[in-house]
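Working notes, structure below.
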Number of protein chains: 2
Amino acid sequence: MSIKKVHNAHIRALLPELHRSLIDITVIMNQPERDVELLAKAGLSLERALFPLLVLIERFGPIGVVDLAGRVGRDYTTVSRQVARLEELGLVTRRAGSTDKRIREALVTAAGKEATGALDAAREEMAIGMFADWERKDFDDLVRLMRKLVEAMY
Amino acid sequence: MSIKKVHNAHIRALLPELHRSLIDITVIMNQPERDVELLAKAGLSLERALFPLLVLIERFGPIGVVDLAGRVGRDYTTVSRQVARLEELGLVTRRAGSTDKRIREALVTAAGKEATGALDAAREEMAIGMFADWERKDFDDLVRLMRKLVEAMY
DNA sequence: TCCGGATATGTGCATTATGCACATAGGAGT
DNA sequence: ACTCCTATGTGCATAATGCACATATCCGGA
């Protein structure tokens, strides 16, 4: 079985479709309604702007302000204020960076973890339904190729 | 070759990784720096909030305000204002809906298409480099499975 | 056919979010 | 030690936002 590399023309031909899928995923991931609802059920009402930040801190934390700002596409001063707000709410805590004293790394507290945990549980339930009739190979390939794509994009 | 469906336990096991990839992609797609730079090169400076909207209108247009608002996770009144701004700038135009006179569908103008076209060209160049050493099968599977994923999520 | 409720859009207004200018403190290289 | 770069925070003015309200259209049931 020979290994065939993908040609430029082929990439060009399929890129619009791939890009559309990326946009679609961004749209879905940027929609807060369901997640806000789940948080409300847990007695948590989070300001619109703070929500994505909590998710990112849980995912990428411990993380400094400038790094985090780069990931949400906001000025770092805005993000600094937002993290401070999350800290007030007890959802994240901050500590000095391990190698650089200027850095104030944010990481989720137990309360923050609980909030994102509720979202995780809901996502899991949804995923079970969603992938129920997928072939195992397709699912595994999706996971593998998505990771490969992300690594190629960074 | 028997067709094996994916089991719940397997979905649960791989879901965190898949979710991480989804977050990573959202982060990358939400980063405006490179795109803003490209637009600037084309003599276009677009307000921060308007940019994602232009991309979505190009992708999903013709599209009404409420539908569009749902896709960006904003109040429809905000989006109505933003679309009005894009119209002032000549990047989109609006027309009455074909079946519903209440609807004001937005679609990109030639100027708007030109702007997004510059982004498309840059993306293409980047994609060629990115996928250069991918196997053709992997690339094709990625495109197919991403589309399949999006359809499952909607 | 008519009416009431639902839905699409737009405007005013107060609040929230944001980025820029500036400041302080720490890091790294010469 | 000095200089330049980088991380974070604060003040302030501006931009973006959502809610309350209004008008117009659509649709289903009586």
Side-chain angles (χ1 to χ4, degrees), chain A residues 30-33 35-37 39-40 44-57 60-89 91-107, chain B residues 30-33 35-37 39-40 44-57 60-89 91-107:
Chain A
N30 278 336
Q31 286 174 341
E33 296 91 18
D35 292 343
V36 170
E37 213 177 289
L39 285 184
L44 239 190
S45 161
L46 204 45
E47 287 136 51
R48 171 74 172 80
L50 298 186
F51 173 74
L53 224 46
L54 179 63
V55 172
L56 285 199
I57 292 168
F60 295 108
I63 186 166
V65 170
V66 172
D67 195 352
L68 194 50
R71 291 167 198 258
V72 294
R74 292 296 173 201
D75 191 83
Y76 72 88
T77 57
T78 299
V79 171
S80 177
R81 259 180 293 251
Q82 288 171 336
V83 174
R85 181 77 185 114
L86 283 172
E87 192 174 28
E88 280 171 28
L89 294 171
L91 296 175
V92 312
T93 188
R94 286 193 280 183
R95 67 189 191 193
S98 38
T99 57
D100 186 334
K101 287 201 173 66
R102 297 171 306 180
I103 294 195
R104 303 269 285 140
E105 295 178 338
L107 59 160
Chain B
N30 279 337
Q31 284 176 341
E33 295 93 13
D35 292 342
V36 170
E37 213 177 287
L39 284 184
L44 240 188
S45 160
L46 205 45
E47 289 142 48
R48 170 74 173 82
L50 299 185
F51 172 74
L53 224 46
L54 180 62
V55 171
L56 287 199
I57 292 170
F60 294 109
I63 187 167
V65 170
V66 172
D67 195 352
L68 194 50
R71 291 168 199 256
V72 292
R74 292 293 173 200
D75 192 84
Y76 71 89
T77 58
T78 300
V79 171
S80 177
R81 261 180 291 249
Q82 289 172 333
V83 174
R85 181 78 184 115
L86 282 173
E87 193 175 24
E88 278 171 32
L89 294 171
L91 297 175
V92 312
T93 187
R94 288 193 278 183
R95 65 190 193 195
S98 34
T99 56
D100 186 335
K101 287 199 173 67
R102 296 171 303 179
I103 294 195
R104 301 268 286 140
E105 295 178 337
L107 58 159

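Every chain is numbered from 1 and lettered A, B, ... according to where its sequence line falls, protein lines coming before strand lines.
By the side chain to side chain donor-acceptor pair (under 3.5 Å) test, B:Arg104 is found to be paired with no residue, residues two or more places apart in sequence or in another chain being considered. For A:Arg81, the side chain to side chain donor-acceptor pair (under 3.5 Å) test picks out no residue, with sequence neighbours left out. A search for salt bridge (Lys or Arg N to Asp or Glu O under 4.0 Å) contacts involving A:Arg85 returns A:Glu47, A:Glu88, not counting sequence neighbours.
Look at CD on A:Glu88: it is 12 Å from P on D:dG9, rounded to the nearest Å. Straight-line distance from the CG atom of B:Asp67 to the P atom of C:dT7: 14 Å, rounded to whole Å. Counting to the nearest Å, the P atom of C:dA8 and the CZ atom of B:Arg95 are 17 Å from each other. A:Leu46 has its CG atom 14 Å from the C1' atom of C:dT16, to the nearest Å. For the pair A:Phe51 CZ and C:dA17 C1', the interatomic distance rounds to 18 Å; values are reported in whole Å. Regarding B:Arg104, its CZ atom lies at a distance of 12 Å from the P atom of D:dT25, rounded to whole Å. Regarding B:Glu87, its CD atom lies at a distance of 13 Å from the P atom of C:dT9, rounded to whole Å.
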Practice problem: Let me have a per-nucleotide readout for nucleotides 25-30 of chain C, 5' to 3', with B, S or -, counting only protein heavy atoms under 4.0 Å. | Solution: -BS---

Practice problem: Would you give a per-nucleotide map of nucleotides 11-21 of chain D, 5' to 3', where B means the base has a protein non-hydrogen atom under 4.0 Å away, S means only the sugar-phosphate does, and - means neither? | Solution: BB---SBBBBB

Quiz item: So B:Leu46 and B:Leu86, side chain to side chain contact (heavy atoms under 4.5 Å, CB included) or not? Walk me through it.
Solution: CA-CA 9 Å; B:Leu46 205 45; B:Leu86 282 173; 4.1 Å; yes

Exercise. Could you give me the CA-CA distance, side-chain angles and deciding distance for A:Asp75 and A:Thr78, then say whether side chain to side chain contact (heavy atoms under 4.5 Å, CB included) is met?
Key: CA-CA 5 Å; A:Asp75 191 83; A:Thr78 299; 4.0 Å; yes

Practice problem: Just do the side chain to side chain contact (heavy atoms under 4.5 Å, CB included) check on A:Val79 and A:Val66 with the steps written out, would you? | Solution: CA-CA 8 Å; A:Val79 171; A:Val66 172; over 6 Å; no

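With rounding to the nearest 0.5 angstrom, the CD atom of A:Gln82 is 9.5 Å from the OG1 atom of A:Thr77. B:Ile103 CD1 to B:Arg94 CZ: the interatomic distance, rounded to the nearest 0.5 Å, is 13.0 Å. Between A:Thr93 atom OG1 and A:Glu105 atom CD the span is 11.5 Å, to the nearest 0.5 Å.
Residue A:Arg94 is in sugar-phosphate contact alone, with no base atom involved, counting any heavy-atom pair closer than 4.0 Å across all strands shown.
Two residues are said to be in side-chain contact when any heavy atoms from C-beta on lie closer than 4.5 Å; B:Leu107 and B:Val92 fail this criterion.
Between its opening and closing five pairs, the helix from C:dT1-D:dA30 to C:dT30-D:dA1 changes axis direction by 40°, a value rounded to 10 degrees.
Residue B:Arg71 is tested with B:Leu53, B:Leu56, B:Ile57 for a side-chain contact (heavy atoms from CB on, under 4.5 Å); the sole match is B:Leu56.
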